[in-house]
Amino acid sequence: MKYDFKKIEKKWQKKWEQEKVFEVEVEKRKKKYTIIEMFPYPSGEGLHMGHALNYTIGDVFARFKRMKGFNVFYPMGFDSFGLPAENAAIKVKEHPKKYTQRAINNYIKQQKALGLSYDWSKILSTSEPEYYKWNQFWFLKFLEKGLVYRKKSFVNWCSKCKTVLANEQVQGGRCWRHEDTEVEIKQLEQWFIKTTAYADELLDCIDNLKWPDKIKTMQKNWIGKSHGIEIDFEVENSDKTTISNVVIVHGCPGDEEKAMNPKTRTYDKHWIPWIKNKLEKKEIKVFTPLMPEPWKANYSQWKKEFDKLNVNGKSVLIGHSCGCAFLVRWLGETKKKIKKLILVAPWKIAQSGNAEEEFYNYEIDESIKSRIDEIVIFTSNDEEEDGKKSVKIFNKLIGGEIIELKNHGHFTLGDMGTEEFPELLSKIVGNKSWPIFTTRPDTLFGVTFMVVSAQHPNLMELVTDNQKKDVEKFLKKIKSVSAKEMENLEKIGVFTGSYAINPVTKNKVPIYSGNFVVADYGSGMVMAVPAHDQRDFEFAKKYGIEIKQVINCEEINKKAHIGKGKLINSDKFNGLDNEKAKQEITNFLIKNKLGRKKVQYKLKDWLVSRQRYWGTPIPVVYCDKCGIVPVPEKNLPIVLPDKVKFGKGNPLETNKAFVSVKCPICRGNAKRETDTMDTFFDSSWYYLRYSDNKNRNLAFDKKKVEYWLPVDQYIGGAEHACMHLIYARFFTKALRDLGFLKFDEPFLKLFNQGMLHGPDGEKMSKSKGNIINPDEVSEKYGMDSARFFLLALALPDKSRDWSEEGIQGSSKFLKKILDYFNNVKIGKSNVKIESKLNKIIKEVTTQIENFKYNLAIIKIRDLFNSLSSEESKDVLEKSLKLLHPFCPHITEELWEKIKGKGFISLSRWPEADEKKIDENLDKQEELIKKLKSDIEKIKKLTGHHRRTPRARNALQGAKKNPKIYVYVLPNELKTYQEVEEINLYAVNDKNKYDPENKSKKVKPNRPGIYLE
RNA sequence: GCGAGGGUGCUGGAGUGGUCAAACAGGAUGGACUCAAAAUCCAUUAGCUUAGUGCUUACGCAGGUUCGAAUCCUGUCCCUCGCACCA
């Protein structure tokens, strides 16, 4: 019979939709099960068969869990912001909004045609203001909490995407979207999210997740936690010890210090005496002038005092707090040239400062930065708000490097908890000390050189005039290396001219710049121990650097010695086992304040700003007076303007109406941020929004989120291991700490589906022309056939190739089932089939539970193949149910036929009845099968149809169409009873007819056969 | 280089100590049906041999453990995926 699959599919898809079969609501009493597939980016090209496979894998699971009695939450949405829409807009001149809407509509249509059981009422799309309003909301919350910050740093830029990229989006030095495009390193100011704040928790929770091990290890490696020690190495650059003097201007204390004597007052204390002492030991002249009446500081009085000092082009000026305000004003007025200006916790806000108002109220002269070699501003994460504002004010006009330290408050003794301020010291003397991270302190005595990253921002500070040419040549050379060569690049480097001093041996070792050191891991410089590190070894061999053995082993010739051993050449640590030495040396360094224990992560903060249009606008404005100002929550969403000009850079920049705004604080003129958010921001929390997708007042209702989330089963590709999946985990934790969520992890279980390749075994792509279109397949064979075929092909997490014959086979099988149900007589079933059915129910249930769909399908095939022309209604129903998750349409159709009403989609999954399972029946069946096949063979060889040469041979000496006698053991008589066209005897049968004594050879399960 | 997972018949892919020449499917070959084809059904599909039981060779390669290995162990080669100079 012919079947109109398309008609059946349409019929049921319509019914499911009309009767809202898959729509769910919070039902406190029912156990929920949430299944979410990574939502797609709606591409204009529509779905191909590979997508169909991905969704079907989830759908089978959802249908199964639903039948198992769970309140199944299975929504779908669209990750609709993103570059392709914008690029299409530029190319075909269609607005991204239109393009996206069209693509989404097409997706929905296609997805519905696949027979997926989504609850479409929960749909969302990230490019709608109702959604991205909450992106902006989260951004502001993060900002408040200090989880978002803006920083100038070295970032990755893709020239094709025309935007910066997050670390996670750079793969092997290339853009994740453009495998042929090497990213450029640029120094830019960008927005970052402090994912590193959760590095430890992200790492620790991984083990509790039921995720594929592969993904778990990938994430662990990405976070890359390692324990080690940071050792301070003094760095010497003979060219740069050219400071004539250092002047430190203290801040302004409150009135209470007026009466205090020099011993008890604090304003010229905290780190000032310490730094003075340190510098004087290095024979640097230090002035720490006491300014007149600092509790009511007056600029001209201070100036009089200050002018007494010899400030010249080689001076370093340091200010603390309002001392900074003084220095900047003084530098502006006198137009003096100096070497360095260092502002420590600067202050420029009159209302909250201790000095007279006129002291602060002056215009900063921007030109001073042209007269100073280096400007540095120190601040702290826990500085007061006005202090932070002051930093921004100074930085905006005179620039300079901002160094934010942790828990230093206003850099007074109480705030810092110590008078030591080594960061300042190193800034004054020009990075005189570098902290070096190592996990091998046991080899410290074997350090024979240092290597600093060629990309390090402070590299040039180490380079002496003599070496400048060489270094520049080297930098040029490594820049021209193509991405391909990067893969097994030779380690090369160049001497910088500077030396480092080993803190324990006091040996002077050369500092090289090398292409194999990562700039932003550790401090960007490594201590090299060529005897015990392969990389260092190669480098040392190449440049003829000394190789000093410190762990006892054989002569080192071709390879470094990496393993264990006892220490040698290591002074008082000699003879120690190297593992033991690690601890001892670490303790020694800590005791002598030469180093500290350090945990180092590979994970970096997430760069979220993008210089593109089609994304969520970042909700801040830049005000000339107030600096960076967050947009008040009540003004959200900041809607992306429709009317923009595409083509040159970010269209938002040229949109005046969007850019020019009033400052929310001072009402003055301000500029809106034109960067948009990385679309991974959108996808970091969409699963939460599903639970309450229409809420206009909240991102989601707490009760709804708490019922439906976290996701029980998440399904998606492995390519997101270190991107989406880390961001989403971070988000969940951050929102938890902001009080929005109660759980720690978004996705309890994760399944990675495999990929569907084209018939040629290649990845499906338009350019290869091997794309299989689901619409066409469904037209030809029906969607159920396609689903059945795709899932039968391989384990769902393995990749597979599409094949036309394959789907024909599946289609045949389904037709057979339809035929069978059209002809089957409903009556009684025998014990055998009952046993088989129950056994298979048991197997299929666990197989689906464990995503072994292909094995489940094998069993289901076996089951249907064993059904006879008459079966009980119960057997038929249960069999259909087993098939339903895979082939939802035809099973609904057949269900209607035998049951008359209701949806099989909503029926209960069958339970296996253990009592009915009889293992022996199976074995018996096999024996019969074997005997039947033997008889078949004999008949063929002796019958009329002998067309093969073999059959002709075999016939010699045998009668045509002989009678067949079969002898079995008496207890097996019953087993073989049903084999037709033979004469069956038990070996001890009285009536036996056995001229050749065949019965003597009969063994258990092995009948004897005699032909007459 | 490191980490993870693999290598089974013509193909996809089951199988983790005997019941395995190896599920299930696809392909191929032969047969039944038919005037013929498609569809359907049946059989065969490592080699030799027998009516049948039998024998030989096989689960990347080479060894080992065992009464017995696709399955356990050791070494080795190859493939796929991920990270990539992380100190």
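Remember, predicted model here, so these are calculated numbers, not experimental data. Sequence lines set the chain letters: A, B, ... in the order given, protein chains first and strands last, and positions in each chain run from 1.
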For [Y], is there an ion pair with [X] - N to carboxylate O distance below 4.0 angstrom?
| X | Y | answer |
| --- | --- | --- |
| A:Asp232 | A:Arg596 | yes |
| A:Arg440 | A:Asp533 | no |
| A:Lys852 | A:Glu843 | no |

Kindly point out which of [options] is positioned nearest to the side chain of [X]?
| X | options | result |
| --- | --- | --- |
| A:Ala794 | B:C41, B:G13, B:C85 | B:G13 |
| A:Lys214 | B:C81, B:A14, B:C85 | B:C81 |
| A:Trp222 | B:A14, B:A23, B:C83 | B:C83 |
| A:Thr438 | B:U40, B:A14, B:A87 | B:A87 |
| A:Lys816 | B:C83, B:C41, B:G82 | B:C41 |
| A:Tyr521 | B:C85, B:G3, B:C86 | B:C86 |
| A:Phe437 | B:A87, B:C81, B:G82 | B:A87 |
| A:Leu793 | B:A23, B:A84, B:G12 | B:G12 |
| A:Thr217 | B:G3, B:C85, B:A87 | B:G3 |
| A:Met218 | B:A23, B:C85, B:G82 | B:G82 |

Whole angstrom value for the distance that separates [atom2] of [N] from [atom1] of [X]:
| X | N | atom1 | atom2 | value |
| --- | --- | --- | --- | --- |
| A:Leu725 | B:C83 | CG | P | 14 Å |
| A:Phe788 | B:C24 | CZ | C1' | 10 Å |
| A:Phe539 | B:A87 | CZ | C1' | 14 Å |
| A:Asp213 | B:A4 | CG | P | 10 Å |
| A:Asp520 | B:A84 | CG | P | 12 Å |
| A:Asn515 | B:C86 | CG | P | 12 Å |

Which is true for [X] with a 4.0 Å heavy-atom rule: it touches a base, it touches only sugar-phosphate, or it touches nothing?
| X | value |
| --- | --- |
| A:Ser810 | nothing |
| A:Val517 | base |
| A:Leu795 | sugar-phosphate |
| A:Lys859 | nothing |
| A:Arg861 | sugar-phosphate |

Would the base of B:C86 count as contacting A:Lys602 through its side chain, where contact means a donor and an acceptor less than 3.5 Å apart? no

Strictly by Watson-Crick or wobble contacts shorter than 3.5 Å, is anything paired with [N], and which nucleotide is it?
| N | result |
| --- | --- |
| B:A70 | none |
| B:G27 | B:U45 |
| B:G75 | B:C61 |
| B:U40 | B:A32 |
| B:G1 | B:C83 |
| B:A14 | none |

Among A:Val509, A:Val526, A:Val235, find the one that has a side-chain contact (heavy atoms from CB on, under 4.5 Å) with A:Met450. A:Val509

Against the six-membered ring of A:Phe813, is A:Arg861 placed for a cation-pi contact (under 6.0 Å from the centre, within 45° of the normal)? yes

Measure up the A:Tyr853 and A:Phe851 rings against each other and bin them: parallel (under 30°), tilted (30 to 60°), perpendicular (over 60°). tilted

In terms of the angle between their ring planes, are A:Phe539 and A:Tyr512 parallel, tilted or perpendicular, with boundaries placed at 30° and 60°? perpendicular

Does a side-chain N or O from A:Ser226 land closer than 4.0 Å to OP1 or OP2 of B:A87, or not? yes

On the nucleotide B:C86, are OP1 or OP2 found under 4.0 Å from the side-chain N or O atoms that A:Arg535 carries? yes

